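Some notes on the structure that comes next.
Computed from a predicted structure; not experimentally measured. Hydrogens, waters and symmetry mates play no part in the numbers below; they use all other heavy atoms, side chains included. The first residue of the sequence shown is numbered 1, and numbering continues consecutively from there.
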Amino acid sequence: MKTILSAALVLGFCGLAGAQGEKADPVGTWKCEYEIGGQKRMSTLTIKKDGDKLAGTMSWPDQKETKLKDVKLKDGDLTFSAVRVFMENKIPIEYKLTITGDKLKGKGASEFGGQKQEFDIEGKREKKDK
């Protein structure tokens, strides 16, 4: 019985290791779309590798790029925060995005005026010109 259990555990760990071999790659420039207050909005997300860490920026049509904070990739989920400046208000936004190939999808969440607001966000990686 112990042999069967040991074999099952080994196979399970091998399966996990194989699945981790297909890691999501967040590096690149992403064109993102989302909707707030019934209005479609856009942003540009740029993720780079800084040694063994991830770093990046986000920009909007009415705001130059701002540095991302706490950029992390775990199990295909990219998380980070960015500060959106809108009419002299600084709004920190927390993002959790799932990367699948050249697409990302997830949520942004912020608190403004004492109210928490969540929105869906989707994006596509820009293709590099060769």
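When all heavy atoms of Gly76 and Ala24 are compared, the closest pair comes out as CA-CB, 3.9 Å. Here the closest non-hydrogen pair linking Asp25 and Trp30 is O-CZ2, 3.9 Å. Residue Pro92 comes nearest to Ser110 through the heavy atom pair O-CB, 3.4 Å, listed as atom of the first residue, atom of the second, then distance. Residues Ala109 and Phe119 share a closest heavy-atom pair of N-CE2, 4.4 Å. Scanning both residues, Thr66 and Ala82, for their nearest heavy atoms gives CG2-CB, 4.3 Å.
The structure places NZ of Lys107 at 11.0 Å from OG1 of Thr98, a figure rounded to the nearest 0.5 Å. Considering CZ of Phe86 and CD1 of Ile91, their distance stands at 7.0 Å, rounded to 0.5 Å. Here the CD1-CG distance, from Ile99 to Asp75, works out to 12.5 Å after rounding to the nearest 0.5 Å. Atom CG of residue Leu97 and atom SG of residue Cys32 lie 7.0 Å apart, to the nearest 0.5 angstrom. Atom CG of Leu68 sits about 9.5 Å away from atom CD of Glu65, to the nearest 0.5 Å.
Tyr95 places a side-chain heavy atom less than 4.5 Å from the side chain of Met58. The side-chain heavy atoms of Lys53 and Val71, taken from C-beta on, include no pair separated by under 4.5 Å. No side-chain heavy atom of Lys105 sits under 4.5 Å from any side-chain heavy atom of Thr100. Here the side chains of Leu54 and Lys49 are in contact, with some heavy-atom distance below 4.5 Å. The side-chain heavy atoms of Ser81 and Glu94, taken from C-beta on, include a pair separated by under 4.5 Å.
Under the 4.5 Å side-chain heavy-atom criterion for grouping Ile, Leu, Val, Met, Phe, Trp and Tyr, Met42 is not connected to Leu104 through any hydrophobic cluster. Hydrophobic clustering (ILVMFWY, side-chain heavy atoms < 4.5 Å, transitive): Val83 and Leu78 are in distinct clusters.
Of the candidates Leu45, Asp70, Ile93, Leu73, Leu45 is the only one forming a side-chain contact (heavy atoms from CB on, under 4.5 Å) with Phe80.
Ion pair Arg84/Asp62 flagged as a salt bridge, since at least one NZ, NE, NH1 or NH2 atom sits closer than 4.0 Å to an Asp/Glu carboxylate oxygen. A salt bridge links Lys31 to Glu126: one of the charged nitrogens lies within less than 4.0 Å of a carboxylate oxygen.
Of the possible donor and acceptor atoms, none in the side chain of Arg41 sits under 3.5 Å from a partner among the backbone N and O of Pro61.
With sequence neighbours excluded, no residue forms a side chain to side chain contact (heavy atoms under 4.5 Å, CB included) with Glu111.
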